[in-house]
Amino acid sequence: MSGNENNSPRPRVLSGMRPTGKLHLGNYMGALANWVKLQDAYECYFFIADWHALTTDYADPSQIVPNTMDVILDYLAAGLDPEKSVLFLQSRVLQHAELALLLGMSTPLGWLERVPSYKEMQENLANKDLTTYGFLGYPVLMAADILIYQADFVPVGQDQQAHVELTREVARRFNSFYKLNGREVLPEPKVLLTPSPKLPGTDGRKMSKSYGNTILITDPEPVVRQKLKTMVTDPARIRRSDPGDPDKCPVGDLHKVFSTPETLMKVYEGCRSAGIGCIECKGWAADALVKILQPIQERRAGFSESQAKEILFEGSRRAQVRAEQTMVEVRNAMQMTLTTVDE
Ligand code: SF4
């Protein structure tokens, strides 16, 4: 394993999120809750990818800073601990940009054009002109984000494995051209598959900010209850007397993730026999969500914006130190080493 700033023997993990605003339960269950668990077993770097936000929002960057503040507060609220993990902001670690530029020299264009999300996002965000160099190159920046920490693992859900695979290819190609005293500089990171339970939004589709169907981790109890009330249910249950099936109902899916086995049993029995109404069932789901969200919201209230900002700055300083260690090796391996007499 590669060296690191505090010589921790634990394997190193890197992951991040784009600052798109307040995080929702899907973000929490699919990523944050897993990251919190990783903190004790791994040396963790978690970042906010504000440059990645620019790849799609370059025409109007006005929300990136407020969104960044929301995300760092949500990281802290979820239980990411700056004493255990390095929490940092991508744009404050300039080495990411330097490595992305250098990796871009050897990354074939065809690899980027073939990334499935490239075409998909261009179609989904048809109101934005994404025929830009920055958007095409975002997987190279992502590779730099990971490789600069010589990360051993990247925790991702099933659907993001392709990105880590591309990062491995970028590293392999770099290593085939450049070595430092015969040694490879950029280890290929492995996927750390994290469980991401099926989490429907209020309209039954996957919970996603772009569908406007989210339950935010900052939503107060009355808002959670209101959102649940409007949530779609098993379409076969038209009248109160019609039996339903929790396996065909988004509210049933929420119960499977958040409710106790006892409540889940009551849901299955009551729904299939039409013994309970959907309003009652949704109330139980809301109870379970509120129970999960309460400690998160209490923790969030314990941090001021200025404290959160200072945590992000301090984490960025630590990240810079670690990133620079890799860059010294990269520059040497690439023979970009002309120095002045003072250096
Ligand atoms: S009782 Fe619950 S699980 Fe059954 S259809 Fe209504 S909301 Fe869905």
Side-chain angles (χ1 to χ4, degrees), residues 1-16 42-52 54-55 85-112 115 133-134 136-154 163-192 313-343:
M1 204 177 69
S2 44
N4 57 63
E5 66 154 321
N6 56 12
N7 296 318
S8 161
R10 293 171 299 166
R12 197 172 305 122
V13 152
L14 179 287
S15 201
Y42 295 89
E43 183 196 350
C44 295
Y45 286 76
F46 297 120
F47 72 109
I48 300 176
D50 54 346
W51 278 336
H52 282 284
L54 273 182
T55 62
S85 298
V86 181
L87 309 179
F88 70 96
L89 183 62
Q90 184 186 31
S91 66
R92 290 189 68 91
V93 186
L94 299 180
Q95 288 86 348
H96 287 231
E98 183 183 0
L99 184 59
L101 179 124
L102 296 176
L103 293 175
M105 301 299 169
S106 55
T107 303
L109 208 48
W111 289 7
L112 303 177
V115 171
Y133 171 64
L136 178 68
Y138 88 81
V140 180
L141 181 57
M142 202 180 278
D145 298 333
I146 298 167
L147 297 173
I148 205 158
Y149 299 100
Q150 296 170 319
D152 299 285
F153 293 101
V154 186
H163 278 123
V164 181
E165 190 46 50
L166 184 65
T167 297
R168 290 167 60 85
E169 282 171 26
V170 168
R172 215 173 297 146
R173 189 160 162 92
F174 179 94
N175 291 332
S176 73
F177 289 121
Y178 317 110
K179 296 212 170 29
L180 186 61
N181 306 324
R183 177 174 67 81
E184 293 186 349
V185 172
L186 299 178
E188 291 177 37
K190 293 183 202 66
V191 163
L192 189 66
F313 288 174
E314 175 52 25
S316 301
R317 280 191 283 273
R318 290 171 65 192
Q320 279 167 18
V321 172
R322 184 59 193 82
E324 183 58 19
Q325 282 180 14
T326 304
M327 283 317 298
V328 168
E329 295 183 10
V330 166
R331 291 183 208 116
N332 279 318
M334 292 184 79
Q335 302 172 54
M336 303 300 293
T337 51
L338 184 65
T339 55
T340 67
V341 282
D342 303 332
E343 285 182 283

Original post:
What heavy-atom pair brings F46 and V13 nearest, and what distance separates the two atoms?
Top reply: CE2-CG1, 4.3 Å
**OP:** Working to the nearest 0.5 Å, report the span between CD of E329 and CG of N181.
**Re:** 9.5 Å
Original post:
Which pair of heavy atoms, one from A100 and one from V140, lies closest together, and at what distance?
Top reply: O-CG1, 3.4 Å
Original post:
If you measure from the Lys or Arg side-chain nitrogens to the Asp or Glu carboxylate oxygens, is any gap between R172 and E184 under 4.0 Å?
Top reply: no
Subject >> E43/R10 salt bridge by N-O under 4.0 Å criterion >> reply: no
**OP:** Compare every heavy atom of L147 with every heavy atom of P187, then report the nearest pair and how far apart it is.
**Re:** O-CD2, 3.6 Å
**OP:** Supply the atom-to-atom distance L103 CG to E98 CD, rounded to the nearest 0.5 angstrom.
**Re:** 10.5 Å
**OP:** In sequence, state the C-alpha distance, the side-chain angles, and the governing distance for L101 and M105, and then conclude on side-chain contact (heavy atoms from CB on, under 4.5 Å).
**Re:** CA-CA 7 Å; L101 179 124; M105 301 299 169; 3.8 Å; yes
Subject >> Atom pair CG (L99) and CG (L94), whose distance is rounded to the nearest 0.5 Å >> reply: 13.0 Å
Original post:
Nearest 0.5 Å, what's the CG-OG1 distance between L14 and T167?
Top reply: 9.5 Å
Original post:
If you look at every heavy atom in V164 and P189, which pair is closest and at what distance?
Top reply: CG1-O, 4.1 Å
Original post:
Under 3.5 Å, is there a donor-acceptor pair between the T326 and R322 side chains?
Top reply: yes
Subject >> Stepwise side-chain contact (heavy atoms from CB on, under 4.5 Å) test for H163 and V154 >> reply: CA-CA 10 Å; H163 278 123; V154 186; over 6 Å; no
Original post:
What's the verdict on side-chain contact (heavy atoms from CB on, under 4.5 Å) for V170 and W111, showing C-alpha distance, side-chain angles and the deciding distance?
Top reply: CA-CA 9 Å; V170 168; W111 289 7; 4.2 Å; yes
**OP:** Report yes or no: does E324 contribute a side-chain atom to a donor-acceptor pair with the main-chain N or O of Q95 at less than 3.5 Å?
**Re:** no
**OP:** Over all heavy atoms of both residues, which pair between T337 and R331 is shortest? Give the atoms and the distance, please.
**Re:** CG2-O, 3.7 Å
**OP:** Using the test ring-ring contact (aromatic ring centres under 6.0 Å, His included), find all partners of F88 that sit at least two apart in sequence or belong to another chain.
**Re:** F47, H96, Y149
Subject >> Side-chain donor/acceptor of S106 to backbone N/O of F174, under 3.5 Å >> reply: no
Subject >> Criterion side-chain contact (heavy atoms from CB on, under 4.5 Å) on M327 and I148, from CA distance to verdict >> reply: CA-CA 7 Å; M327 283 317 298; I148 205 158; 3.9 Å; yes
**OP:** State the CZ-CZ distance between F313 and R92, to the nearest 0.5 angstrom.
**Re:** 4.0 Å
Subject >> Separation between CG of D152 and CD of E188, rounded to the nearest 0.5 Å >> reply: 12.5 Å
Original post:
What are the two closest heavy atoms between P139 and L166, and how far apart are they?
Top reply: CB-CD2, 3.4 Å
